[in-house]
Amino acid sequence: HVQLVESGGGLVQDGGSLRLSCTNSGYISKTITLGWARQAPGKEREAIAAIDKDGRISYTESVKGRFTISRDNDKPILYLQMTSAKAEDAAMYYCVGDFVPAEKFLNLLLKGHDYEYWGQGTQVTVS
């Protein structure tokens, strides 16, 4: 059983930085690909970053160069460092996990696939 718990959301200034964390429990969480998805009011869910157990990473174009995903399997914690925040980054952010490589992970939502594991979400507001 994998449990994902996000923290670190809140208010960030336009152009500012914020770091989200996701503690993950269960042995499997150290072996699967983990990522971040978000959903803004009235918009579809969007997967934005993924990292597999070997550190291979994928980003969606809208956050590439501004957000950094990382994971510490010893703790184990998943992070999302947000920089240069924009108004369009305001959303509920979810920690997600599944048994696919990082390069395929981001497209799963577009193909109608629901990730195997979801956290409860943490809200990010941009002012």
Side-chain angles (χ1 to χ4, degrees):
H1 178 68
V2 174
Q3 186 174 13
L4 305 175
V5 180
E6 304 93 338
S7 62
L11 178 65
V12 59
Q13 298 278 350
D14 184 63
S17 300
L18 192 69
R19 189 176 77 163
L20 307 183
S21 300
C22 169
T23 56
N24 49 97
S25 62
Y27 173 77
I28 293 176
S29 70
K30 297 183 179 182
T31 65
I32 62 175
T33 297
L34 296 172
W36 292 93
R38 67 185 182 186
Q39 186 169 26
K43 294 189 176 181
E44 296 291 321
R45 294 180 303 179
E46 175 189 27
I48 60 172
I51 182 169
D52 70 15
K53 64 180 179 62
D54 297 318
R56 286 180 288 261
I57 292 173
S58 292
Y59 295 103
T60 192
E61 284 300 318
S62 62
V63 306
K64 194 175 292 184
R66 300 188 299 120
F67 292 7
T68 302
I69 190 171
S70 60
R71 66 191 288 173
D72 182 341
N73 278 346
D74 292 330
K75 292 186 177 181
I77 300 179
L78 176 73
Y79 299 103
L80 183 71
Q81 179 67 52
M82 305 169 59
T83 63
S84 302
K86 303 178 180 179
E88 52 262 44
D89 294 324
M92 183 70 79
Y93 282 70
Y94 298 93
C95 180
V96 291
D98 211 306
F99 300 89
V100 296
E103 63 267 24
K104 297 183 179 180
F105 194 90
L106 299 185
N107 290 329
L108 290 184
L109 285 183
L110 295 175
K111 295 180 179 179
H113 176 86
D114 204 5
Y115 295 118
E116 187 72 24
Y117 304 105
W118 286 80
Q120 293 298 308
T122 186
Q123 182 70 44
V124 173
T125 303
V126 182
S127 65

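In what follows, every heavy atom counts, from backbone to side chain, and hydrogens, waters and symmetry copies are set aside.
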**Q** Closer than 3.5 angstrom, by distance alone: can the side chain of Trp118 be matched with the main-chain N or O of Leu4 as a donor-acceptor pair?
**A**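 Side chain of Trp118 to backbone of Leu4, a donor-acceptor pair under 3.5 Å: no, none is there.
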**Q** Enter the distance from Asn107:CG to Thr60:OG1 here, rounded to the nearest 0.5 Å.
**A**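 OG1 of Thr60 is found 8.5 Å from CG of Asn107.
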**Q** Give the C-alpha distance, both sets of side-chain angles, the deciding distance and a yes or no for side-chain contact (heavy atoms from CB on, under 4.5 Å) between Ile32 and Tyr117.
**A** CA-CA 10 Å; Ile32 62 175; Tyr117 304 105; 3.8 Å; yes
**Q** Going only through I, L, V, M, F, W and Y residues with side-chain contacts under 4.5 Å, is there a path from Ile51 to Tyr79?
**A**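 No: no chain of side-chain contacts under 4.5 Å links Ile51 to Tyr79.
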**Q** Quick check for you: to the nearest 0.5 Å, what is the distance between Leu106 atom CG and Tyr59 atom OH?
**A**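 The OH atom of Tyr59 is 10.5 Å from CG of Leu106, to the nearest 0.5 Å.
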**Q** Taking only residues two or more places apart in sequence, or in another chain, which ones meet Asp14 in a side chain to side chain donor-acceptor pair (under 3.5 Å)?
**A**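 Checked Asp14 against side chain to side chain donor-acceptor pair (under 3.5 Å); zero matches.
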**Q** Under the side-chain contact (heavy atoms from CB on, under 4.5 Å) rule, what do Leu20 and Met82 come out as? Steps first, then yes or no, please.
**A** CA-CA 8 Å; Leu20 307 183; Met82 305 169 59; 4.1 Å; yes
**Q** Under the side chain to side chain donor-acceptor pair (under 3.5 Å) test, which residues partner Ser29, sequence neighbours left out?
**A**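 By the side chain to side chain donor-acceptor pair (under 3.5 Å) rule, Ser29 matches Asn24.
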**Q** Nearest heavy-atom pair of Ile77 and Ser21: which atoms, and what distance?
**A**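 So the minimum-distance heavy-atom pair works out to CG2-CB, 4.2 Å.
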**Q** Is Glu44 reaching over with its side chain to a backbone N or O of Gln39, donor-acceptor style, under 3.5 angstrom?
**A**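 No, the answer is negative, given that no donor and acceptor are paired below the 3.5 Å cut-off.
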**Q** Do the side chain of Asp54 and the main chain of Arg56 share a donor and acceptor less than 3.5 angstrom apart?
**A**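 It does not hold such a pair.
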**Q** Can I get a per-line list of side-chain donor-acceptor pairs under 3.5 Å for residues 92-104, giving both atom names and the distance, sequence neighbours left out?
**A**
from  : atom 1 : to     : atom 2 : distance (Å)
Tyr93 : OH     : Arg38  : NH1    : 2.9
Tyr93 : OH     : Asp89  : O      : 2.5
Asp98 : OD2    : His113 : NE2    : 2.9
Asp98 : OD2    : Glu116 : N      : 2.9

**Q** Yes or no on side-chain contact (heavy atoms from CB on, under 4.5 Å) for Leu78 and Trp36, after CA distance, side-chain angles and deciding distance?
**A** CA-CA 9 Å; Leu78 176 73; Trp36 292 93; 3.4 Å; yes
**Q** Without swapping roles, check the side chain of Ser84 against the backbone of Gly15 for a donor-acceptor pair under 3.5 Å.
**A**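 No, because the side chain of Ser84 does not come within donor-acceptor range (under 3.5 Å) of the backbone of Gly15.
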**Q** Enter the distance from Asp74:CG to Lys30:NZ here, rounded to the nearest 0.5 Å.
**A**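 Asp74 CG to Lys30 NZ: 6.5 Å, rounded to 0.5 Å.
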**Q** Kindly indicate whether the side chain of Ser17, heavy atoms from C-beta on, has any atom under 4.5 Å from the side chain of Gln81.
**A**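 Side chain of Ser17 against side chain of Gln81, heavy atoms only: contact under 4.5 Å found.
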**Q** Mind checking the CG-CG spacing from Leu34 to Leu80? Nearest 0.5 Å is all I need.
**A**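 Going from CG on Leu34 over to CG on Leu80, the span is 12.5 Å.
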**Q** Answer with yes or no whether the hydrophobic clustering places Val63 together with Phe105; edges join I, L, V, M, F, W, Y residues whose side-chain heavy atoms lie under 4.5 Å apart.
**A**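 Hydrophobic grouping puts Val63 apart from Phe105.
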**Q** Would you compute the distance between atom CD of Gln120 and atom CD of Gln3 and round it to the nearest 0.5 angstrom?
**A**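 With rounding to 0.5 Å, CD (Gln120) is 9.0 Å from CD (Gln3).
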**Q** Looking only at atom types and distance, does a side-chain atom of Arg45 sit under 3.5 Å from a main-chain N or O of Leu109, one as donor and one as acceptor?
**A**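 No; zero donor-acceptor contacts below 3.5 Å.
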**Q** Taking a hydrophobic cluster as the set of Ile, Leu, Val, Met, Phe, Trp and Tyr residues connected by side-chain heavy atoms closer than 4.5 Å, whether directly or through intermediates, do Ile69 and Ile48 fall within one such cluster?
**A**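 Yes, Ile69 connects to Ile48 through the hydrophobic network.
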**Q** Can you see which heavy atom on Gln13 is nearest to which on Ser127, and at what distance?
**A**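 Residues Gln13 and Ser127, closest heavy atoms: OE1-OG, 3.5 Å.
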